[in-house]
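Heads up: the structure comes next, in structure tokens.
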Number of protein chains: 2
Amino acid sequence: MNIGEAAKASGVSAKMIRYYEETGLIAPPERSPAGYRTYEPSEIHTLTFIRSARNLGFSMEEIAELLALWRDRERPRREVKRIVEAHIGDLEARIRALQDMAGTLRHLADACGGDDRPDCPILKSLAAPEPDTLPDPPAPHRFGAI
Amino acid sequence: MNIGEAAKASGVSAKMIRYYEETGLIAPPERSPAGYRTYEPSEIHTLTFIRSARNLGFSMEEIAELLALWRDRERPRREVKRIVEAHIGDLEARIRALQDMAGTLRHLADACGGDDRPDCPILKSLAAPEPDTLPDPPAPHRFGAI
DNA sequence: GCTTGACCTTGCCATGATGGGAAGCCCCAT
DNA sequence: ATGGGGCTTCCCATCATGGCAAGGTCAAGC
């Protein structure tokens with residue numbers, strides 16, 4: 001299997017396959033006499049694994065760990081679960097941060113008629129460095145608080 | 001005000017102030033005879049505006065638009081609101097994507113005892129390209145659906 | 001056999017926002 | 001006048017990805 005077919009079969013672009021090889025995430029494959037990379041089914045399998053993990057938001061570094069655990073069949077589940085739990089925590093922190101932003105903006109947007117008057121309260125609020133630096137103002141309302 | 005004081009006053013790092021100038025987001029300030037950048041209070045104000053907007057997740061491109069609207073006092077609120085609403089939509093899409101990931105991982109982690117057995121179901125699931133490519137399997141359960 | 005088009009190779013550049021560091025100049029206080 | 005801290009510019013790195021260009025290769029059709 002050439003790199004193009006491997007890309008199609010795994011869902012990882014040819015560009016990224018070369019990059020993963022360059023950074024050591026995957027081993028260099030065999031080459032044809034002409035220098036073409038040739039992939040075995042097991043390598044396609046690895047690429048598919050990588051793509052699944054990327055789709056779940058794992059970084060390449062985390063994926064390197066997961067791959068090592070995957071290859072070593074004797075490794076206990078505990079270690080995999082630890083990585084996954086840490087990643088979930090990371091995702092949740094990012095979700096919370098985005099929700100805070102969206103909540104604040106929703107509030108501002110609702111306070112803005114969206115009409116054709118000038119003097120927009122949204123811009124006013126951006127220009128005034130009221131919140132977001134102070135540890136916590138009298139806190140009349142917490143937005144992102146899920 | 002030198003760049004260091006401007007950074008402290010606005011909360012934008014000196015490094016980023018120079019970068020914003022280089023990319024045209026802010027105008028080049030006056031320089032002292034020795035070539036030091038000197039900032040007026042109005043420029044500090046602008047930097048504070050930028051930082052507020054960054055904290056709310058706006059891209060530099062969006063901030064450039066917001067700054068233009070801010071400077072032009074005759075611009076109707078409508079245009080500001082449009083930008084903000086678009087950004088909220090963007091944030092919400094990202095939140096949904098992250099929630100989908102976290103939900104799937106939560107599901108996997110719960111299915112994994114986290115004990116010291118090998119043969120982890122999480123790795124199994126990553127290796128098997130079941131979901132996430134198919135349009136929508138029989139859908140026994142939607143995770144990120146808030 | 002030769003041409004053509006699709007594929008492969010390497011290598012470089014770009015993204016977006018940010019930090020790090022080096023080499024050298026400047027200012028102020030001691 | 002000396003030292004420390006701040007300023008200047010310039011270059012590099014991040015993370016994962018895409019794009020482009022120049023050149024080699026393969027397979028099909030003539």
Side-chain angles (χ1 to χ4, degrees), chain A residues 1-26 28-40 43-44 46-67 87 90-91 93-94 97-98 101, chain B residues 1-26 28-39 43-44 46-67 87 90-91 94 97-98 101:
Chain A
M1 252 178 150
N2 282 346
I3 200 170
E5 300 166 273
K8 238 176 257 167
S10 67
V12 179
S13 75
K15 202 90 192 199
M16 290 314 297
I17 295 177
R18 292 192 199 101
Y19 176 67
Y20 293 155
E21 176 187 336
E22 187 194 322
T23 59
L25 189 64
I26 60 178
E30 291 294 306
R31 298 275 189 142
S32 77
Y36 284 21
R37 290 171 177 83
T38 58
Y39 294 91
E40 300 300 315
E43 301 178 278
I44 306 296
T46 301
L47 287 170
T48 304
F49 181 101
I50 293 173
R51 194 187 55 106
S52 299
R54 288 289 309 143
N55 284 350
L56 289 172
F58 287 101
S59 70
M60 280 182 56
E61 204 177 339
E62 289 166 320
I63 294 175
E65 289 191 76
L66 291 174
L67 277 177
H87 182 51
D90 197 66
L91 289 173
R94 284 155 65 188
L98 293 179
M101 293 177 190
Chain B
M1 255 180 148
N2 282 346
I3 199 171
E5 301 166 273
K8 236 175 260 168
S10 67
V12 179
S13 74
K15 206 91 189 192
M16 291 312 299
I17 295 176
R18 292 193 199 98
Y19 176 68
Y20 291 156
E21 175 188 337
E22 188 194 322
T23 58
L25 190 64
I26 59 178
E30 291 295 306
R31 298 274 188 145
S32 78
Y36 284 21
R37 290 171 178 81
T38 57
Y39 294 91
E43 300 175 281
I44 306 296
T46 301
L47 287 170
T48 303
F49 181 100
I50 292 173
R51 194 187 56 105
S52 300
R54 288 289 308 143
N55 284 350
L56 289 173
F58 286 100
S59 69
M60 281 182 55
E61 206 177 338
E62 289 166 321
I63 293 175
E65 288 190 77
L66 291 174
L67 276 176
H87 182 52
D90 197 64
L91 290 172
R94 284 155 65 189
L98 293 178
M101 293 178 191

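Below, chains carry the letters A, B, ... as their sequence lines are ordered, and counting in each starts from 1.
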* Between A/Pro33 and B/Thr38, just flag the one whose closest nucleotide in DNA chain D comes earlier from the 5' side. =>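 Looking at DNA chain D, the more 5' nearest nucleotide goes with B/Thr38.
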* DNA chain D: B/Arg37 or B/Lys8, which has the more 5' nearest nucleotide? ->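 It is B/Lys8 whose nearest nucleotide is closer to the 5' end.
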Rounded to whole Å, please give me the gap between [atom1] in [X] and [atom2] in [N].
{"X": "B/Glu21", "N": "C/dT18", "atom1": "CD", "atom2": "P", "value": "16 Å"}
{"X": "B/Arg31", "N": "D/dT8", "atom1": "CZ", "atom2": "P", "value": "6 Å"}
{"X": "B/Ile17", "N": "C/dG19", "atom1": "CD1", "atom2": "C1'", "value": "15 Å"}
{"X": "A/Leu47", "N": "D/dT17", "atom1": "CG", "atom2": "P", "value": "12 Å"}
{"X": "B/Ile50", "N": "C/dG16", "atom1": "CD1", "atom2": "C1'", "value": "15 Å"}
{"X": "B/Tyr36", "N": "D/dG5", "atom1": "OH", "atom2": "P", "value": "14 Å"}
{"X": "B/Glu22", "N": "C/dG19", "atom1": "CD", "atom2": "P", "value": "15 Å"}
{"X": "B/Glu5", "N": "C/dC28", "atom1": "CD", "atom2": "C1'", "value": "13 Å"}

Need one value for [X]: base, sugar-phosphate or nothing, where a base atom within 4.0 Å counts as base even if backbone is also close, heavy atoms only.
{"X": "B/Tyr20", "answer": "sugar-phosphate"}
{"X": "A/Arg54", "answer": "sugar-phosphate"}
{"X": "A/Ser59", "answer": "sugar-phosphate"}

Tabulate below the donor-acceptor pairs under 3.5 Å that side-chain atoms of residues 57-67 of chain A make, not counting sequence neighbours, or state none.
residue : atom : partner : partner atom : Å
A/Ser59 : OG   : A/Glu61 : N            : 3.4
A/Ser59 : OG   : A/Glu62 : N            : 3.2
A/Ser59 : OG   : A/Glu62 : OE1          : 3.4
A/Glu62 : OE1  : A/Ser59 : N            : 2.8

* Asked: Taking the side chain from A/Arg51 and the backbone from A/Ser10, do they hold a donor-acceptor pair closer than 3.5 Å?
  ->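 Yes; at least one donor-acceptor contact below 3.5 Å.
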Where the side chain of [X] is concerned, which of [options] is the nearest nucleotide?
{"X": "B/Ile3", "options": "C/dC26, C/dC7, D/dT8", "value": "D/dT8"}
{"X": "A/Met16", "options": "D/dG18, C/dA17, C/dC26", "value": "D/dG18"}
{"X": "B/Lys15", "options": "D/dT8, C/dT9, C/dG20", "value": "C/dG20"}
{"X": "A/Arg18", "options": "C/dT10, C/dA17, D/dG18", "value": "C/dT10"}

* Should B/Met1 and B/Ile44 count as side-chain neighbours, where that means a heavy-atom distance under 4.5 Å? ->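 Yes. Closest side-chain heavy atoms under 4.5 Å.
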* Beyond-backbone contact of B/Ile17 with B/Glu21, side-chain heavy atoms, under 4.5 angstrom ->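 In short, these two side chains do not touch, never coming nearer than 4.5 Å.
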* Asked: Does any donor-acceptor pair link the side chain of A/Tyr19 with the base of D/dG18 at a separation under 3.5 Å?
  ->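 Counting by modelled atom types and ignoring angles, no donor-acceptor contact under 3.5 Å is found here.
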* To do: Before accepting this row, confirm whether a basic side-chain N of the pair A/Glu30/A/Arg37 lies closer than 4.0 Å to the acidic partner's carboxylate O.
  =>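 The answer is no: the pair does not qualify as a salt bridge.
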* Asked: OP1, OP2 of D/dG18 versus side-chain N and O of A/Ser13: anything below 4.0 Å?
  ->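 So the side-chain polar atoms of A/Ser13 do come within 4.0 Å of the phosphate oxygens OP1 or OP2 of D/dG18, strictly under.
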